[in-house]
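In what follows, chains are A, B, ... by sequence order, proteins preceding strands, each numbered from 1. Atoms considered below: every heavy atom in the structure, side chains included; atoms not considered: hydrogens, waters and symmetry mates.
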There are 2 protein chains.
Amino acid sequence: MISTELLKGSLKSIVLKLLAENGRMYGYDITRRVEELTAGKIKLTYGALYPVLHKLEVEGSVTTESENYNNRTRIYYKLTPKGNNFAVEKIKELEEYMEVMSMLLKPNIQSGLIGS
Amino acid sequence: MISTELLKGSLKSIVLKLLAENGRMYGYDITRRVEELTAGKIKLTYGALYPVLHKLEVEGSVTTESENYNNRTRIYYKLTPKGNNFAVEKIKELEEYMEVMSMLLKPNIQSGLIGS
DNA sequence: TATAATATATAAGAATCTGATATATCAAGA
DNA sequence: TCTTGATATATCAGATTCTTATATATTATA
């Protein structure tokens, strides 16, 4: 299980990535998909997820469709064209962040040997 | 320039990584090293960095040595044995997080083609 | 009958970061 | 001489985001 502290700031990007890939999803679905894709190492909390989804809706990045399945309400979220552009941008940013972080993480031979 | 939003949660791990690698560093030094290692893509703010350093000291993860260099005070931070163990743990966690995030980021063929 | 899974939602509190502000020295250029 | 930029630490109000707890409700399983 990954310390959720690290997840801070990337939740929105993850949600956008999943929506861009899966067309439309509902909240509960998103948490399960993340769990599945990360082999159970990331478990989203609803207290974090729903505010993000609502905010994306207010921003005009997603539209919602409420459907009934076995007497349970599902609220599907789907990217708008604007949301899709935003998703592309955020995913690119996250990928760049990952690259930069790997620069920081790799053993730094300069400072470790030559620089001292 | 990386959106600093993504940095949330990993700042402490980055600081620990640099201290583990460089023996001792002072605050200003850390910001420059991060800028250097990330090709200017990450610029730490002091409002974020100093509270982290102070917290690490309170927790007993680092000790400080104040030195004077050209009439400018430098406060060097150095890992304690406890801090070193903590650093190893946090760096491992960050590496695991990077792996997990790459699982989420890679194009998902299952859901994209087969699953639909 | 009770528990687990399914499904959404909110809110208080905690943690963390941004951006502004403050202080001070030294070097370089106008 | 004066101003700007680099060097160096520090704090704080405000914003943002996440955690944890709580609430509600249905269906399936033990």
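- Between A/Tyr26 and C/dA7 there is a side-chain N or O to OP1 or OP2 distance below 4.0 Å.
- Computed from coordinates, the A/Glu67 CD to C/dT6 C1' distance equals 16 Å when rounded to whole Å.
- Whole-Å rounding puts the B/Asp29 CG to D/dA6 C1' distance at 14 Å.
- Atom pair A/Ile75:CD1 and C/dT10:C1' shows a separation of 13 Å (rounding to whole Å applied).
- Remark: A/Leu37 CG to B/Lys106 NZ distance equals 8.5 Å, nearest 0.5 Å.
- Taken to the nearest 0.5 Å, the CG atom of B/Leu44 stands 8.5 Å off from the CD atom of B/Glu35.
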message = Before you tell me yes or no, could you show the steps for A/Arg33 and A/Glu21 under salt bridge (Lys or Arg N to Asp or Glu O under 4.0 Å), namely the whole-Å CA-CA distance, both residues' side-chain angles and the distance that decides it to 0.1 Å?
response = CA-CA 12 Å; A/Arg33 189 64 61 99; A/Glu21 209 156 64; over 6 Å; no

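- Going from atom OH of A/Tyr76 over to atom C1' of C/dT6 covers 12 Å, rounded to whole Å.
- In terms of position on DNA chain D, the residue among A/Ala48 and B/Thr73 whose nearest nucleotide sits closer to the 5' end is B/Thr73.
- An OP1 or OP2 oxygen of D/dT17 is reached within less than 4.0 angstrom by a side-chain nitrogen or oxygen of A/Lys55.
- Side-chain atoms of B/Thr80 come within 3.5 Å of backbone N or O of B/Gly83 as a donor-acceptor pair.
- Between the CE atom of B/Met98 and the CD atom of A/Glu99 there is a distance of 9.5 Å, given to the nearest 0.5 Å.
- Ion pairing between a basic and an acidic side chain is recognised when a charged N comes within 4.0 Å of a carboxylate O; B/Lys92 and B/Glu96 show no such pairing.
- Taking B/Glu59 as the reference, B/Lys12 meet the side chain to side chain donor-acceptor pair (under 3.5 Å) condition, with sequence neighbours excluded.
- Considering only side-chain atoms of B/Pro51, the nucleotide from D/dT11, C/dC17, C/dT8 that sits closest is D/dT11.
- Among the duplex regions that DNA chain D forms, those built from at least three successive Watson-Crick or G-U pairs under 3.5 Å are C:1-30 with D:1-30, ordered by first number.
- Of the candidates B/Leu18, B/Asp29, B/Val15, B/Val34 forms a side-chain contact (heavy atoms from CB on, under 4.5 Å) with just one, namely B/Leu18.
- When heavy atoms are screened at a 4.0 angstrom cut-off, A/Gly27 is found touching the sugar-phosphate backbone but no base atom.
- In this structure, the NZ atom of A/Lys43 is 19 Å from the P atom of D/dC18, given to the nearest Å.
- OP1 or OP2 of D/dT7 has at least one side-chain nitrogen or oxygen of B/Tyr28 nearer than 4.0 Å.
- Put simply, CD1 on A/Ile42 is 11 Å from P on D/dT19, counting in whole angstrom units.
- At whole-Å resolution of the value, CG in B/Leu7 and P in C/dG19 are 13 Å apart.
- Within the structure, every side-chain polar atom (N or O) of A/His54 is placed at least 4.0 Å from both OP1 and OP2 of C/dT8.
- Proximity of A/Tyr50 to the phosphate of C/dA9: no side-chain N or O atom is located under 4.0 Å from OP1 or OP2.
- With rounding to the nearest 0.5 Å, the separation of OH in B/Tyr76 from CD in B/Glu65 is 9.5 Å.
- Taking side-chain N and O atoms only, A/Thr45 has no distance below 4.0 Å to OP1 or OP2 of D/dC18.
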Which atom pairs link the protein and nucleotides 23-26 of chain D when you take only N or O atoms and keep those under 3.5 Å?
{"residue": "D/dT26", "atom": "O2", "partner": "A/Arg72", "partner atom": "NE", "Å": "3.0"}
{"residue": "D/dT26", "atom": "O2", "partner": "A/Arg72", "partner atom": "NH2", "Å": "2.8"}

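- Atoms CZ (A/Arg74) and P (C/dA5) sit 17 Å apart, rounded to a whole Å.
- Side-chain N/O atoms of A/Arg32 include one lying less than 4.0 angstrom from OP1 or OP2 on C/dT6.
- Ring pair B/Tyr46/B/Tyr28 is parallel by interplanar angle, where below 30° counts as parallel and above 60° as perpendicular.
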